[in-house]
Amino acid sequence: MPLCTPSAWVNEQSSSIHLEVAERTLFLWNNSHIENLIKQNLKVILPIIFPALERNSRNHWNQAVQNLTQNVRKIFLDADPELFEECLLKFQEEETHEKDTKSKREAKWKRLEEIAAVKSASNEAVLVSPKVALRAPSG
């Protein structure tokens, strides 16, 4: 039996517990009573949980969780295809916006690093002024 550090054991146990919770929760969605409650409140529930379902179905490391998530997605898709499509489009728009924001942030950091590298080579102080002046707190 290989030696296991306490933190590695805790991480392994934590991962195992999270996986079990994810699987049991997704199985619960397949319960007919729960499914009926979901369908009665679909317009409220789906927009809230859609991003998590979509990320799980695409990226979860465990194949069983991915498959169970696909089953839950299908429940929603079958119940209201139009609402499902609206949620999907909104998710894709938000995903695109997040990628754009991340790209802009990375470009700004790269530019700051370039400026700092040039200034540090000349032993000149690096001053970065914000484009928008900060307002003093009111009150």
Side-chain angles (χ1 to χ4, degrees):
M1 179 176 187
L3 290 176
C4 185
T5 64
S7 63
W9 182 82
V10 167
N11 287 340
E12 183 179 321
Q13 293 301 310
S14 176
S15 177
S16 175
I17 290 168
H18 285 106
L19 174 61
E20 188 174 329
V21 169
E23 287 178 330
R24 287 184 183 198
T25 302
L26 289 164
F27 274 123
L28 181 65
W29 289 84
N30 290 312
N31 176 293
S32 61
H33 181 67
I34 299 296
E35 190 173 332
N36 287 332
L37 290 172
I38 290 168
K39 288 178 181 177
Q40 290 172 15
N41 299 287
L42 195 61
K43 292 187 184 334
V44 174
I45 294 172
L46 185 57
I48 294 170
I49 67 162
F50 189 87
L53 289 175
E54 196 63 23
R55 286 187 194 100
N56 256 9
S57 68
R58 293 180 184 185
N59 303 320
H60 199 280
W61 60 270
N62 183 277
Q63 189 62 49
V65 170
Q66 282 186 359
N67 293 340
L68 290 167
T69 302
Q70 289 294 337
N71 293 344
V72 172
R73 286 178 80 247
K74 183 155 177 26
I75 291 170
F76 285 113
L77 177 59
D78 292 344
D80 191 337
E82 289 178 15
L83 178 61
F84 188 91
E85 186 65 26
E86 286 175 29
C87 291
L88 180 59
L89 289 173
K90 183 179 179 201
F91 175 81
Q92 290 169 339
E93 288 170 3
E94 289 174 358
E95 201 173 41
T96 300
H97 178 71
E98 287 174 16
K99 286 178 185 176
D100 290 346
T101 301
K102 182 180 178 185
S103 178
K104 288 176 185 176
R105 185 180 311 117
E106 288 172 353
K108 285 179 185 178
W109 274 111
K110 184 176 181 185
R111 181 70 181 130
L112 285 172
E113 288 170 351
E114 290 169 356
I115 291 169
V118 168
K119 299 285 184 174
S120 68
S122 65
N123 290 328
E124 189 177 334
V126 178
L127 298 174
V128 179
S129 58
K131 288 185 178 180
V132 179
L134 296 175
R135 291 185 286 160
S138 59

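No experiment lies behind these values; they were computed from the predicted model shown. Computed over heavy atoms, backbone and side chain alike; hydrogens, waters and symmetry mates excluded.
- Side-chain contact between Glu106 and Lys102 is present, with at least one heavy-atom pair separated by less than 4.5 Å.
- To the nearest 0.5 Å, the span separating CG on Leu88 from CD on Glu93 amounts to 10.0 Å.
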query = What do the steps show when you test Lys43 against Asp80 for side-chain contact (heavy atoms from CB on, under 4.5 Å), and what is the final call?
reply = CA-CA 9 Å; Lys43 292 187 184 334; Asp80 191 337; 3.1 Å; yes
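- The closest side-chain heavy-atom distance from Val65 to Leu26 is below 4.5 Å.
- Salt-bridge formation is detected for the pair Lys39/Glu35: a Lys NZ or Arg NE/NH1/NH2 atom is positioned less than 4.0 Å from an Asp or Glu carboxylate oxygen.
- Annotation: the span from Ile45 atom CD1 to Leu37 atom CG amounts to 7.5 Å, rounded to 0.5 Å.
- Residues Lys74 and Asp78 are paired through a salt bridge, judged by an N-O separation under 4.0 Å between the basic side chain and the carboxylate.
- Comment: Glu114 engages Arg111 in a salt bridge, judged by a side-chain N to carboxylate O separation of less than 4.0 angstrom.
- Between Ile34 and Ile38 there is a side-chain heavy-atom pair separated by less than 4.5 Å.
- With 3.5 Å as the limit, one finds no donor-acceptor pair spanning the side chains of Gln40 and Asn36.
- Cluster membership for Phe50 and Ile75, using ILVMFWY side-chain heavy atoms within less than 4.5 angstrom, is not shared.
- Taking both residues in full, the closest heavy atoms of Pro47 and Leu42 are given as CD-O, 3.8 Å, listed atom of the first, atom of the second, then distance.
- Every residue meeting the side-chain contact (heavy atoms from CB on, under 4.5 Å) condition with Glu86, not counting sequence neighbours, appears here in chain and number order: Leu83.
- Heavy-atom minimum distance, Asn62 versus Glu23: OD1-OE2, 4.0 Å.
- How far CG of Leu77 is from CG of Leu53: 12.0 Å, rounded to the nearest 0.5 Å.
- We find the CD-CG distance between Glu95 and Asp100 to be 11.0 Å, quoted to the nearest 0.5 Å.
- By the rule that hydrophobic residues join a cluster once side-chain heavy atoms approach within less than 4.5 Å of another member, Val118 and Leu112 end up as members of separate clusters.
- The minimum heavy-atom distance between Arg58 and Gln66, with the atom names listed, is O-NE2, 3.9 Å.
- Using a 4.5 Å cut-off between side-chain heavy atoms of Ile, Leu, Val, Met, Phe, Trp and Tyr, with links allowed through other members, Leu89 and Leu46 fall into different hydrophobic clusters.
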